[in-house]
S.K.: 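After the structure tokens below, expect a handful of questions from me.
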Amino acid sequence: MSNFTPADQRYMRRALRLAVRGKRTSAPNPAVGCVLVKDGRIVGEGFHAWAGEAHAEIRALDAAGEAASGATAYVTLEPCSHHGRTPPCTGALIGAGVGRVVVAMRDWNPKVNGAGLSRLRAAGIATSEGLYEQESQSLNRGFFRRISDGRPWLTLKVAASLDGKSALADGGSRWVTGPVARAAVHRSRARAGAVLTGIGTVLADDPALNVRLPGTARQPLRVILDSKLRTPPDARLFGADGGPVHIFCTRKALDRRHPLENAGATVHDVEADSQGKVGIDAVLRALAALQVNDIYAECGPTLAGVLLAAEAVDELDLFLGPHLLGAGARSFALLEETSAIPDPPRWRTTAVQRVGRDTRIHLQPAQEA
């Protein structure tokens, strides 16, 4: 960051704050912000709000008008150089006569990845990159995971007592955490491309799996892992106001798909794992093909254990309620017994915050934190 001035840093931070505004709605595109500065003042700014609509750079240029000529553009992601749903932003920046473009990071999309910066330099525009790169990458971590690894970023949400229990021995679990924590969960759902659960949760709780927040503009896909297609066609998720329902089963269960399709679900058959259940990797790759960047998994202990054992979890979103449920209560994840405490730890805490009466802890695998 030593190559950038304090003013550069200030304007890029502003661009990052703008980008966050599109986090809930820009998918499957990345969230991007742009600030245009001339003679020490902001002359235009914008963010990418919806896929298929104007990108951040175009919105900023429209706001600046003729003042864009000779300005410096601060963009949280390399401007696109190809025709997609909208024309390339590099052409618009060149046409407006901007004098310099500062980007937080390159776009890993193979259609861009350096080509946008090269086109700008070829037009005589000075470019710089790497200012707040980590922050930009974190903002769009699901997009980059899908582009680089062919699978979405998966966050496993867990609500548990202080002793790691998610429900009483009889299965009762309403509520381990309080209303402030539950509202935070809905905000996380709203930022996700898909909310995922297992058939056990569908049969036990009949969840709606939708976002119930005022002003919600976009609902995530609702994804059910149901190897034997036991989802009831009259389940609440079919009648609730929410996103499309996608159910993943094994090929042996396909003959039971028609009632669910008639109820509105899209049924996908994927390869089974060694236990005869839907393969997690196959599901993740299928969701990436549907352009899902981020998955928010809310499930019971069986599926939570499967996801953790498969090392499919990129982040744990752990809500701890101030309760002790005791030895007979149910753990939040069914895992094989371990003979020793791992050293170094396999998980690393990245953030801790108080949410109402509860504590929220974010953790990532140690090698990725």
Side-chain angles (χ1 to χ4, degrees), residues 27-28 30 108-110 137 140-158 188-189 191-202 209 220-231 243-254 256-257 260 265-318 332-336 338 342 346-348 362-369:
W108 295 358
N109 186 335
Q137 184 174 339
N140 291 299
R141 61 192 185 182
F143 172 79
F144 292 120
R145 175 55 57 85
R146 176 170 65 86
I147 292 296
S148 62
D149 298 340
R151 47 149 293 191
W153 179 279
L154 191 150
T155 298
L156 174 61
K157 171 258 177 178
V158 171
S188 292
R189 286 184 185 179
R191 289 190 293 270
V195 176
L196 179 147
T197 196
I199 181 59
T201 297
V202 172
L209 296 180
L221 303 184
R222 293 177 286 184
V223 177
I224 314 299
L225 305 192
D226 182 5
S227 299
K228 298 180 180 179
L229 284 188
R230 293 185 291 153
T231 300
V245 177
H246 290 258
I247 302 177
F248 287 83
C249 69
T250 60
R251 294 190 177 108
K252 290 183 178 180
L254 268 182
R256 293 191 286 274
R257 71 184 184 276
L260 294 171
T266 300
V267 178
H268 309 260
D269 65 292
V270 296
E271 291 185 9
D273 62 15
S274 59
Q275 305 298 316
K277 300 183 181 299
V278 294
I280 298 301
D281 185 68
V283 170
L284 295 180
R285 295 194 178 280
L287 289 173
L290 292 172
Q291 295 192 304
V292 171
N293 293 331
D294 299 271
I295 300 170
Y296 199 62
E298 302 181 53
C299 53
T302 300
L303 180 53
V306 170
L307 293 172
L308 289 165
E311 297 184 352
V313 177
D314 297 297
E315 181 177 41
L316 273 172
D317 191 8
L318 176 59
F332 71 77
L334 294 180
L335 295 166
E336 291 186 2
T338 183
R346 294 174 183 168
W347 294 86
R348 179 178 176 183
H362 293 274
L363 305 101
Q364 292 181 19
Q367 69 273 17
E368 296 183 7

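The basis for the numbers below is simple: all heavy atoms, side chains too, and nothing from hydrogens, waters or symmetry mates.
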S.K.: What orientation do Phe248 and His268 show, parallel under 30°, tilted 30 to 60°, or perpendicular over 60°?
M.R.: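 Parallel, since the angle between the ring planes stays under 30°.
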
S.K.: Between Asp317 and Tyr296, what is the shortest heavy-atom contact and its length?
M.R.: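 Between these two residues, the closest heavy atoms are OD2-OH, 2.7 Å.
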
S.K.: Using 4.0 Å as the upper bound for N to carboxylate O, is an ion pair formed by Asp149 and Arg145?
M.R.: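 Yes.
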
S.K.: For a quick test of reading the model, state the closest non-hydrogen atom pair linking Ala312 to Arg151 and the distance between them.
M.R.: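 In this case the closest contact between Ala312 and Arg151 is O-NH2, 3.2 Å.
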
S.K.: Under the side chain to side chain contact (heavy atoms under 4.5 Å, CB included) rule, what do His246 and Leu290 come out as? Steps first, then yes or no, please.
M.R.: CA-CA 11 Å; His246 290 258; Leu290 292 172; 3.9 Å; yes

S.K.: Go through the structure and list residues passing salt bridge (Lys or Arg N to Asp or Glu O under 4.0 Å) with Arg141, not counting sequence neighbours.
M.R.: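 Salt bridge (Lys or Arg N to Asp or Glu O under 4.0 Å) check on Arg141 returns Glu315.
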
S.K.: Using 4.0 Å as the upper bound for N to carboxylate O, is an ion pair formed by Arg251 and Asp269?
M.R.: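 The answer is yes: the pair qualifies as a salt bridge.
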
S.K.: Between Asn293 and Asn140, is there a side-chain heavy-atom distance shorter than 4.5 Å?
M.R.: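 A side-chain contact under 4.5 Å is absent here.
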
S.K.: Do the side chains of Ile147 and Pro110 get nearer than 4.5 Å, heavy atoms only?
M.R.: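 Yes, their side chains come closer than 4.5 Å.
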
S.K.: With no hydrogens and no angle check, is any side-chain donor or acceptor of Asp314 less than 3.5 Å from a backbone partner on Leu154?
M.R.: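 Answer holds: yes.
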
S.K.: If you count the non-hydrogen atoms of other residues, nucleotides and ligands that lie under 6.0 Å from NZ in Lys157, is the total more than 12?
M.R.: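 Atom NZ in Lys157 is crowded, with more than 12 foreign heavy atoms closer than 6.0 Å.
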
S.K.: Any side-chain to backbone donor/acceptor pair from Arg146 onto Pro28? Under 3.5 Å, distance only.
M.R.: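 Such a contact is found between Arg146 side chain and Pro28 backbone.
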
S.K.: Between side-chain atoms of residues 192-202 and protein atoms elsewhere (two or more places apart, or another chain), which donor-acceptor pairs fall under 3.5 Å?
M.R.:
unit_1 : atom_1 : unit_2 : atom_2 : d
Thr197 : OG1    : Thr201 : OG1    : 3.4
Thr197 : OG1    : Glu298 : O      : 2.7
Thr201 : OG1    : Gly300 : N      : 3.2

S.K.: Using the rule given for side chain to side chain contact (heavy atoms under 4.5 Å, CB included), can you reason through Val313 versus Trp347, listing the C-alpha separation, both sets of side-chain angles and the distance that settles it, and then say yes or no?
M.R.: CA-CA 11 Å; Val313 177; Trp347 294 86; 3.8 Å; yes

S.K.: Indicate yes or no: at least one non-hydrogen side-chain atom of Leu316 is less than 4.5 angstrom from one of Val158.
M.R.: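 They are in contact (side-chain heavy atoms under 4.5 Å apart), so the answer is yes.
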
S.K.: Has Thr250 got a side-chain atom pairing as donor or acceptor with Ser227's backbone, closer than 3.5 angstrom?
M.R.: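 Pair found, side chain donor or acceptor close to backbone of Ser227.
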
S.K.: Going by the salt bridge (Lys or Arg N to Asp or Glu O under 4.0 Å) test, which pairs reach into residues 222-231, not counting sequence neighbours?
M.R.: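 Residue pairs with at least one partner in residues 222-231: there are none.
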
S.K.: Determine whether Leu287 and Val223 make a side-chain contact, defined as any pair of heavy atoms from C-beta on separated by less than 4.5 Å.
M.R.: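 Of all side-chain heavy-atom pairs linking Val223 with Leu287, at least one is under 4.5 Å.
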
S.K.: Would a 4.5 Å heavy-atom cut-off, applied to side chains only, mark Thr155 and Asp294 as touching?
M.R.: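 Not touching, per the 4.5 Å side-chain cut-off.
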
S.K.: Using the side chain to side chain contact (heavy atoms under 4.5 Å, CB included) rule, take Val245 and Leu260 through it: C-alpha gap first, then chi angles, then the decisive distance, then the call.
M.R.: CA-CA 10 Å; Val245 177; Leu260 294 171; over 6 Å; no

S.K.: Using side-chain heavy atoms (C-beta onward) and a distance below 4.5 Å, is Thr266 in contact with Pro244?
M.R.: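 The answer is no, as the side chains (C-beta and beyond) never meet within the 4.5 Å cut-off.
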
S.K.: Evaluate the side-chain proximity of Cys299 to Leu307: yes if any heavy-atom separation is below 4.5 Å, no if none is.
M.R.: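 Counting from C-beta outward, Leu307 and Cys299 do come under 4.5 Å.
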
